Amino acid sequence: MTVVKSSLPEPERRITGDALQATLVDLLALSLIGKQAHWNIVGPRFRSIHLHLDEVVSAARTFSDTVAERAAALGVSPDGRPETVASASVFQGPKDGWIQDTDVVQLLVEALATAIERLRERIGATEQADPVTQDLLIAITAELEKQRWMFEAENATRGD
């Protein structure tokens, strides 16, 4: 049952709704990965990475709310329930226990790369279906690419 009428025709609403739902799951999973790493990081770069993780979690949570509200505005009921996120997430979470700072950085680089790759697919899928949603996905991708770059620089060595 659709409670909210969509401004999009049904085929476009379905494409857009699928893209938004998958993005919601990815962002919620990313925020959980970031918080788990935030609580368990150890190592000489603890403080700087600990604080950087908060930036990623904050961005993921803010974007997840924006994505869910976009879906609702289009008549698609967003599903951020824990069981949905757990069953639909493609991310590899952090290991149990304390995590070395270098491992946290690698974990975030990989998680962000996965999210970015999946977002780019959805950007293509929504190009014709809903350019407004496509624009939102582009903005999210730009921020996650910036965050990935910053994490990747943490473990980088100068290559001449």
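No hydrogens, no waters, no symmetry mates; every other heavy atom, side chains included, goes into these values. All of these numbers come straight from a predicted model, not from anything done at the bench.
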For this session: Could you check if a side-chain atom of Leu74 sits within less than 4.5 angstrom of a side-chain atom of Thr133, using non-hydrogen atoms only?
Result: yes
Fill in: Steps toward side chain to side chain contact (heavy atoms under 4.5 Å, CB included) verdict (Ile41, Val104)
CA-CA 7 Å; Ile41 186 172; Val104 167; 3.9 Å; yes
Shortest non-hydrogen pair, Ala37 vs Leu107, comes out as CB-CD2, 4.4 Å
Step-by-step side chain to side chain contact (heavy atoms under 4.5 Å, CB included) determination, Gln21 to Thr84: CA-CA 10 Å; Gln21 179 59 39; Thr84 301; 4.0 Å; yes
Do His38 and Leu51 have side chains that get closer than 4.5 Å, going by heavy atoms?
no
The side-chain contact (heavy atoms from CB on, under 4.5 Å) partner of Leu28 among Val25, Leu30, Asp26, Leu24 is Leu24
Practice item. State, yes or no, whether a side-chain contact exists between Asn40 and Lys95 at a heavy-atom distance under 4.5 Å. Key: no
Inset, instruction - Answer yes or no: is there an ion pair linking Glu121 with Arg118, defined by an N-O contact shorter than 4.0 Å? - result: no
With no hydrogens and no angle check, just 3.5 Å: does a side-chain donor-acceptor pair link Glu154 and His52?
no
TODO: Compare all side-chain heavy atoms of Thr66 with those of Arg70 and state whether any distance is below 4.5 angstrom.
DONE: no
The reported gap from CG in Asn155 to CD in Gln106 (rounded to nearest 0.5 angstrom) is 6.5 Å
When every non-hydrogen atom of Ala68 is compared with those of Pro78, the smallest separation belongs to O-CG, 3.5 Å
**Linked, directly or transitively: Leu119 and Val57 (ILVMFWY side chains, under 4.5 Å)** = no
_salt_bridge(Arg13, Asp130) N-O dist < 4.0 Å_ = no
query = Any side-chain heavy-atom pair from Val67 and Ile140 closer than 4.5 angstrom?
reply = yes
Here the gap from Glu12 atom CD to Thr126 atom OG1, rounded to the nearest 0.5 Å, amounts to 11.5 Å
In terms of heavy-atom contacts, Ala115 and Leu144 come closest through CB-CD1, 4.0 Å
Interatomic distance, CZ@Phe91 vs CD@Glu110, rounded to 0.5 Å, equals 11.5 Å
task = Treating Ile, Leu, Val, Met, Phe, Trp and Tyr as nodes and any side-chain heavy-atom pair under 4.5 angstrom as an edge, say whether Leu53 and Val109 lie in one connected cluster.
result = yes
On a heavy-atom basis, the closest approach of Trp39 and Trp98 is O-CZ3, 3.8 Å
Checklist entry - Are Val90 and Ile116 connected, step by step, through hydrophobic side chains (Ile, Leu, Val, Met, Phe, Trp, Tyr) whose heavy atoms are closer than 4.5 Å? => result yes
query: Is there a side-chain contact between Val56 and Leu108 (heavy atoms, below 4.5 Å)?
result: yes
Rounded to the nearest 0.5 Å, the CD atom of Glu117 sits from the CG atom of Leu112 at a distance of 13.0 Å
Would you say Ile33 ends up clustered with Phe46 if hydrophobic residues are merged whenever their side chains have heavy atoms under 4.5 Å apart, either directly or through other cluster members?
yes
**Asked** Please walk me through it: do Arg120 and Thr141 pass side-chain hydrogen bond (donor to acceptor under 3.5 Å, both in side chains)?
**Response** CA-CA 7 Å; Arg120 287 187 168 277; Thr141 303; over 6 Å; no
Here the gap from Ser64 atom OG to Leu20 atom CG, rounded to the nearest 0.5 Å, amounts to 12.0 Å
When rounded to the nearest 0.5 Å, the distance separating CZ of Arg148 from OG1 of Thr114 is 9.5 Å
- So does Glu55 have more than 12 non-hydrogen atoms from other groups sitting under 6.0 Å from CD? yes
Do the side chains of Ile49 and Trp149 join up, straight or via other hydrophobic residues, at under 4.5 Å, putting them in one cluster?
no
Of all heavy-atom pairs linking Arg122 and Ala19, the shortest is CD-O, 3.3 Å
- prompt: Is there a salt bridge (charged side-chain N to carboxylate O under 4.0 Å, His left out) between Lys35 and Asp54 once you walk through the steps?
  reply: CA-CA 7 Å; Lys35 264 308 177 188; Asp54 271 341; 2.9 Å; yes
Shortest non-hydrogen pair, Asp101 vs Gly43, comes out as OD2-C, 3.5 Å
